[in-house]
*Asks:* 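Below: one structure in structure tokens.
The figures here come from the full heavy-atom set of this structure, side chains too, leaving out hydrogens, waters and symmetry mates. In this chain, residues are counted from 1 in sequence order.
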Amino acid sequence: MSWKQDVSQVTQKIFLKLRWLLLGFVVALYAVSGLYSVDADQRAVISRFGEVIEHNVLPGMHYRLPWPIDNVETLSAVELRSINIDFTKEPNSGLIGAELTTGKGDLIELALQVQYSIPNPGQFLSGAIDGEAILRNIAKAQAITYVSQRELDSLLTTGRSNFQTWMKSAVQQELDSFDSGIQVTNVMLNRLETPKVIKQAYDDVQMAPAAKEKLIQDALGEREIKLAQARSEVVKSSRQAQAQAKARVTNAQGDVERLSTLIASLEKEPELAKKRLYLETLKEILESAQVSFLNRDRAER
């Protein structure tokens, strides 16, 4: 046997051994690929040929059958997720309207945020194709239901807290009926107000009682001022009348005394009294008369 045949035989034996070693290494590597880890803030879901077999794998190292038999999906278990719903900006707002209608037919604009977590990743991934879409639709439906059964005044004032509490409970109840694996943690109202086109009119209506009360108070105040002025004028006129009456009485009494004195003088000395009256009358006439003296001699020349 030649050396070439010896080398060929040795090479074939080495190749066979290497092939089995390589095959064993590939099998071992394939088997090791089934190892996986779940972080402390995560949960894992194991599905076998598309069917979920482990819904909630806890953190740590685990093993599953290698691909394509088993598949691993991990989700954050502590992450707080949220969806925002604004009815004025919803893609299908043309179907339901940008504004919601209250129980008495008033229009209202609504925007809210739903916060949720996923405590059961298996249910979340297997329960529906798009769990968040289901959550959005349920929240919108429950919001429409609640608003349609309430009055505008209560929604804008004391009913906001009740709205949020009711929404959280109602949405969670619907989600549980679908086995969605979603836990609603909070519902917050970002905007709850009347549309801008009617907000001014609504504000005017709300302010009307206050404006009416202000007008009443202003009128009452002006009435009190005018009453005080009228009372002051009455007191002033009354005092002036009393003063004038007193002056007239005093003057009349003086005239009576003078007349009594004149009568007594006439009775005692009639001639002297007549002369006195004559002189007094002449004095009164001359005091008011304008007298001019002419020189006759100079007038004739």
*Asks:* Sorted by first residue and then second, give each ring-ring contact (aromatic ring centres under 6.0 Å, His included) pair with at least one member in residues 152-174; sequence neighbours left out.
*Replies:*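 Residue pairs with at least one partner in residues 152-174: Tyr146-Phe163, Tyr146-Trp166.
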*Asks:* Kindly say whether Val147 contributes a backbone atom to a donor-acceptor pair with the side chain of Thr102 at under 3.5 angstrom?
*Replies:*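 No.
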*Asks:* Apply salt bridge (Lys or Arg N to Asp or Glu O under 4.0 Å) to Arg191 and list each qualifying residue two or more places apart in sequence or on a separate chain.
*Replies:*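 Expected list: Asp86, Glu109, Glu193.
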*Asks:* Restricting to non-hydrogen atoms, name the atom on Leu189 and the atom on Gln164 that form the minimum distance, rounded to 0.1 Å.
*Replies:*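 In this case the closest contact between Leu189 and Gln164 is N-OE1, 3.1 Å.
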*Asks:* Can you find a side-chain donor-acceptor pair between Gln217 and Glu213 that sits under 3.5 Å?
*Replies:*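 Note: Gln217 and Glu213 side chains meet the donor-acceptor criterion.
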*Asks:* What's the separation between atom CG in Leu135 and atom CD in Gln172, rounded to the nearest 0.5 Å?
*Replies:*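 Leu135 atom CG to Gln172 atom CD measures 9.0 Å (nearest 0.5 Å).
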*Asks:* For Ala141, is there any backbone N or O sitting under 3.5 Å from a side-chain donor or acceptor partner on Thr145?
*Replies:*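 Between the backbone of Ala141 and the side chain of Thr145 there is a qualifying donor-acceptor contact (under 3.5 Å).
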*Asks:* Where do Tyr116 and Ser82 come nearest, in terms of heavy atoms and distance?
*Replies:*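 Nearest pair, atom of Tyr116 first, then Ser82: CE2-N, 3.9 Å.
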*Asks:* Considering the options Leu100, Leu110, Leu192, which one meets the side chain to side chain contact (heavy atoms under 4.5 Å, CB included) requirement together with Leu155?
*Replies:*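 It is Leu192; the other options fail the test.
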*Asks:* Salt bridge (Lys or Arg N to Asp or Glu O under 4.0 Å) with Lys104: which residues, sequence neighbours excluded?
*Replies:*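 Once residues adjacent in sequence are excluded, the partners of Lys104 under the salt bridge (Lys or Arg N to Asp or Glu O under 4.0 Å) criterion are Glu151.
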*Asks:* Would you find a donor on one side and an acceptor on the other, under 3.5 Å apart, between the side chain of Lys168 and the backbone of Thr185?
*Replies:*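 Side chain of Lys168 to backbone of Thr185: a pair is present.
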*Asks:* So do Val184 and Val114 actually touch side chain to side chain, heavy atoms under 4.5 Å?
*Replies:*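 In contact.
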*Asks:* Would Leu156 and Ile108 satisfy side chain to side chain contact (heavy atoms under 4.5 Å, CB included), going step by step from the backbone distance to the final call?
*Replies:* CA-CA 9 Å; Leu156 297 178; Ile108 195 169; 4.1 Å; yes
*Asks:* Going from NZ on Lys140 to CD1 on Ile83, what distance comes out if it is rounded to the nearest 0.5 angstrom?
*Replies:*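 Spacing of NZ (Lys140) from CD1 (Ile83) equals 9.5 Å.
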*Asks:* Taking Val171's backbone N and O only, do any of them form a donor-acceptor pair with Gln142's side chain (distance below 3.5 Å, no angle check)?
*Replies:*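 No, Gln142 side chain to Val171 backbone: no donor-acceptor pair under 3.5 Å.
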*Asks:* Ignoring hydrogens and geometry beyond distance, is a side-chain donor-acceptor pair present between Gln113 and Asn190 at under 3.5 Å?
*Replies:*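 Gln113 vs Asn190: no donor-acceptor pair found between side chains.
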*Asks:* Is Lys226 close to Glu222 at the side-chain level, that is, under 4.5 Å between some pair of heavy atoms?
*Replies:*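 A side-chain contact exists here, since the closest heavy-atom pair is under 4.5 Å.
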*Asks:* Taking all atoms of both residues into account, what is the closest heavy-atom pair of Met188 and Asn186, and its distance?
*Replies:*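 Met188 and Asn186 have their closest heavy atoms at CG-ND2, 3.4 Å.
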*Asks:* Look at the side chain of Gln115 and the backbone N and O of Arg81, then say whether any donor-acceptor pair between them is shorter than 3.5 Å.
*Replies:*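 Pair absent, no side-chain N/O of Gln115 close to backbone of Arg81.
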*Asks:* Could you tell me whether a side-chain N or O of Ser237 sits under 3.5 Å from a main-chain N or O of Glu233, the two making a donor and an acceptor?
*Replies:*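 Here the side-chain-to-backbone pair exists.
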*Asks:* CD of Glu174 to OG of Ser169: how many Å apart, nearest 0.5 Å?
*Replies:*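 So the CD of Glu174 and the OG of Ser169 are separated by 10.5 Å.
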*Asks:* With rounding to the nearest 0.5 angstrom, report the CG to CD distance, Leu227 to Gln229.
*Replies:*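 One finds 9.5 Å between CG of Leu227 and CD of Gln229.
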*Asks:* Mark yes or no for whether Asn137, through its side chain, and Ala133, through its backbone, hold a donor-acceptor pair below 3.5 Å.
*Replies:*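 Yes, because the side chain of Asn137 sits within donor-acceptor range (under 3.5 Å) of the backbone of Ala133.
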*Asks:* Between Ile118 and Gln183, is there a side-chain heavy-atom distance shorter than 4.5 Å?
*Replies:*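 Side chain of Gln183 against side chain of Ile118, heavy atoms only: no contact under 4.5 Å found.
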